[in-house]
Asks: 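Encoded as structure tokens, here's the structure I'll be asking about.
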Amino acid sequence: MVVLSVPAEVTVILLDIEGTTTPTAFVKDVLFPYIKENVKEYLQTHWEEDECQQDVSLLRKQAEEDSHLDGAVPIPAASENGADDLQQMIQAVVDNVCWQMSLDRKTTALKQLQGHMWRAAFTAGRVKAEFFEDVVPAVRKWKEAGIKVYIYSSGSVEAQKLLFGHSTEGDILELVDGHFDTKIGHKVESESYRKIASSIGCSTNNILFLTDVTLEASAAEEADVHVAVVVRPGNAGLTDDEKTYFSLITSFSELYLPSST
Ligand SMILES: CSCCC(=O)C(=O)COP(=O)(O)O
Ligand SMILES: [Mg+2]
């Protein structure tokens, strides 16, 4: 087995979710279809609630920022012109969400609504999150060795907690020391990793970031974070240059911690 030695200065392991801890297929074939199939009914049922209105406001603001993009779907300003207008508004939000999802966009607005929608599915036990089989044993081992484990995903913090709290391995939330999402910044921007280090209270070079996306790995590396790119079934392929440049692992068990035996 190939072994990647974790530098001694690393005290924090920061984990991406999709393509790293969790199969991309679970996200694409279970979580995302749930949104597309239920978003209209969800909006109709929850429209009057503050949380839903905040989600719609954020989506409308995002739609304004996106107005220059090809195929962008606008969300009209709220009016009080009755039921027909309401149905048109809901349809515009549905179309906007589906458009964003067709591009796999990672906007905070989209991710916030998705997190709120998944709540019902996870808490009712209709959906259970999947983790690659090496993930939970490795994380337990790291924790025993005194390493802190944080999550940084485009999925909202609320969605992250749903996944770790309702998985096929049970409630494994206790294994996670903290969560970050795009509210701290986008994963392809190096400043996000500096902010994460500052929020944890460590230096960037105390962090090892594991992700499937090389753009994220490059951004983290620019901030002096250690990185390894995780190669999993179903992930996007890497170029030869990327394969040569980055440290690659196919399982968390390939990481060797000098502090553990
Ligand atoms: C709580 S993860 C849900 C999946 C998701 O919405 C997503 O965008 C995953 O992105 P990641 O940054 O974990 O690759
Ligand atoms: Mg990922």
Side-chain angles (χ1 to χ4, degrees), residues 13-39 42 55 58-59 62 97-98 100-123 126-132 135 139 149-169 171-173 175-176 178-189 192-193 196 208-220 225 227-238 242 246 248-250 252:
I13 297 185
L14 182 65
L15 298 173
D16 162 69
I17 293 181
E18 182 184 346
T20 297
T21 63
T22 297
T24 298
F26 173 71
V27 176
K28 300 261 189 293
D29 300 342
V30 178
L31 290 183
F32 287 176
Y34 179 88
I35 300 296
K36 289 184 194 150
E37 284 158 24
N38 292 287
V39 61
Y42 177 88
D55 291 350
L58 213 56
L59 284 163
Q62 183 65 48
V97 165
C98 290
Q100 288 204 59
M101 289 185 69
S102 72
L103 301 173
D104 195 17
R105 297 197 71 215
K106 306 284 188 185
T107 64
T108 304
L110 175 64
K111 295 295 159 185
Q112 182 170 299
L113 173 74
Q114 288 177 336
H116 291 150
M117 286 187 63
W118 287 323
R119 190 193 292 146
F122 277 105
T123 54
R126 273 185 286 144
V127 177
K128 285 200 189 303
E130 291 171 24
F131 291 91
F132 289 106
V135 170
V139 172
V149 175
Y150 287 79
I151 306 298
Y152 183 27
S153 169
S154 302
S156 67
V157 166
E158 185 167 358
Q160 296 173 25
K161 289 181 178 170
L162 287 168
L163 257 70
F164 282 82
H166 304 83
S167 83
T168 54
E169 320 242 0
D171 179 348
I172 49 167
L173 248 185
L175 294 177
V176 180
H179 300 261
F180 298 97
D181 60 19
T182 53
K183 284 190 181 150
I184 202 144
H186 287 286
K187 295 175 77 186
V188 294
E189 290 165 6
S192 308
Y193 299 87
I196 286 174
L208 168 66
F209 178 46
L210 305 181
T211 180
D212 59 316
V213 175
T214 54
L215 277 177
E216 296 173 4
S218 296
V225 165
V227 297
V229 172
V230 185
V231 178
R232 300 286 201 182
N235 287 1
L238 303 175
E242 287 169 336
F246 289 106
L248 307 179
I249 57 169
T250 60
F252 286 4

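Ligands are counted one by one from 1 in listed order, and the atoms in each one are counted from 1 as well. Every heavy atom of this structure was used, including side-chain atoms; hydrogens, water molecules and symmetry mates were not. It should be emphasised that the depicted structure is a prediction, and the values quoted were computed from it without experimental measurement.
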Asks: Report yes or no: does a heavy atom of F32 sit under 4.0 Å from some atom of ligand 1?
Replies: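 F32 counts as a contact of ligand 1 under the 4.0 Å cut-off.
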Asks: When you measure from the Mg ion (ligand 2) to each N, O or S atom of D212, which atom gives the shortest distance?
Replies: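 Nearest N/O/S atom: OD1.
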Asks: Closer than 4.0 Å to some heavy atom of I17 - which atoms of ligand 1 meet that?
Replies: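 Checking each atom against I17, I get 1 (C), 13 (O).
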Asks: State, without any angle test, whether E216 and T211 hold a side-chain donor-acceptor pair at a distance under 3.5 Å.
Replies: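 There is such a pair between these side chains.
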Asks: Using a strict 4.0 Å threshold on nitrogen-to-oxygen distance, state whether K106 and E18 make a salt bridge.
Replies: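 Here K106 pairs with E18 in a salt bridge, since their nearest N and O are under 4.0 Å apart.
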Asks: Which of the atoms in ligand 1, numbered in the order shown and given with their element, are less than 4.0 Å from a heavy-atom of A159?
Replies: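 The atoms of ligand 1 under 4.0 Å from a heavy atom of A159 are 1 (C).
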Asks: A cation-pi test, strictly: NZ or CZ of R232 under 6.0 Å from the centre of the six-membered ring of F131 and no more than 45 degrees from its axis. Yes or no?
Replies: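 Negative - R232 is either too far from the ring of F131 or too far off its axis.
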Asks: Please find the N/O/S atom of E18 nearest to the Mg ion (ligand 2) and write down its name.
Replies: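 Answer by atom name: O.
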Asks: Which is it for F26 and ligand 1 at heavy atoms under 4.0 Å: side chain, backbone, both or neither?
Replies: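 No part of F26 comes within reach of ligand 1.
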Asks: Can you classify the ring geometry of F164 versus H179 as parallel (below 30°), tilted (30 to 60°) or perpendicular (above 60°)?
Replies: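 Geometry flag for H179 against F164: perpendicular rings.
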Asks: Find all atoms of ligand 1 within a distance of less than 4.0 Å from any non-hydrogen atom belonging to D16, and give their numbers and elements.
Replies: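 This gives 11 (P), 12 (O), 13 (O), 14 (O) as the contact atoms.
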Asks: Can you label the angle between the W118 ring and the F32 ring as parallel, tilted or perpendicular, going by 30° and 60°?
Replies: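 Rings of W118 and F32: parallel, under 30°.
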Asks: Looking at non-hydrogen atoms alone, which of H179, M101, K111, K28 comes nearest to atom 7 (C) of ligand 1?
Replies: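 It is K111 whose heavy atom sits nearest to atom 7 (C) of ligand 1.
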Asks: At a 4.0 Å threshold, what atoms of ligand 1 neighbour a non-hydrogen atom of K106?
Replies: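 Taking each heavy atom of K106 in turn, ligand 1 has 7 (C), 8 (O), 9 (C), 10 (O) under 4.0 Å.
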Asks: From E242 CD over to S218 OG, what is the distance, rounded to the nearest 0.5 angstrom?
Replies: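 The distance works out to 7.5 Å.
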Asks: Decide side chain to side chain contact (heavy atoms under 4.5 Å, CB included) for K111 and D181; before the verdict, give the C-alpha distance in whole Å, the side-chain angles of both, and the deciding distance to 0.1 Å.
Replies: CA-CA 9 Å; K111 295 295 159 185; D181 60 19; over 6 Å; no
Asks: Suppose we measure from atom 4 (C) of ligand 1 to each protein heavy atom; which comes out shortest, and what is that distance?
Replies: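 Atom 4 (C) of ligand 1 sits closest to the protein heavy atom V27 CG1, 3.8 Å.
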Asks: I'd like to know whether K128 forms a side chain to side chain contact (heavy atoms under 4.5 Å, CB included) with F26, so could you lay out the CA-CA distance, the side-chain angles of the two residues, the decisive distance to 0.1 Å, and finally the verdict.
Replies: CA-CA 10 Å; K128 285 200 189 303; F26 173 71; over 6 Å; no
Asks: Atom CG in L15, atom OH in Y150: separation rounded to 0.5 Å?
Replies: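 Reported value, rounded in 0.5 Å steps: 12.5 Å.
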Asks: Geometry only, no angles: is S153 polar-contacting ligand 1 at N/O separations under 3.5 Å?
Replies: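 N/O-N/O distance under 3.5 Å: yes.
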Asks: Quick check: of its N, O or S atoms, which one does D16 have closest to the Mg ion (ligand 2)?
Replies: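 In D16, the heteroatom (N, O or S) nearest the Mg ion (ligand 2) is OD2.
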Asks: Does F180 offer a backbone N or O that forms a donor-acceptor pair with the side chain of Q160 under 3.5 Å?
Replies: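 Here the side-chain-to-backbone pair exists.
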Asks: What I want to know is whether S154 and ligand 1 share at least one N or O pair that is separated by under 3.5 angstrom.
Replies: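 Yes; the residue has a nitrogen or oxygen that sits under 3.5 Å from a nitrogen or oxygen of the ligand.
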Asks: Under 3.5 Å between any N/O of Y152 and any N/O of ligand 1: does that happen in this structure?
Replies: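 For ligand 1, there is no N or O atom that lies under 3.5 Å from one belonging to Y152.
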Asks: Heavy atom to atom 12 (O) of ligand 1, shortest distance: which of E18, K187, R105, Q160 holds it?
Replies: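 Going through E18, K187, R105, Q160 one by one, K187 has the nearest heavy atom to atom 12 (O) of ligand 1.
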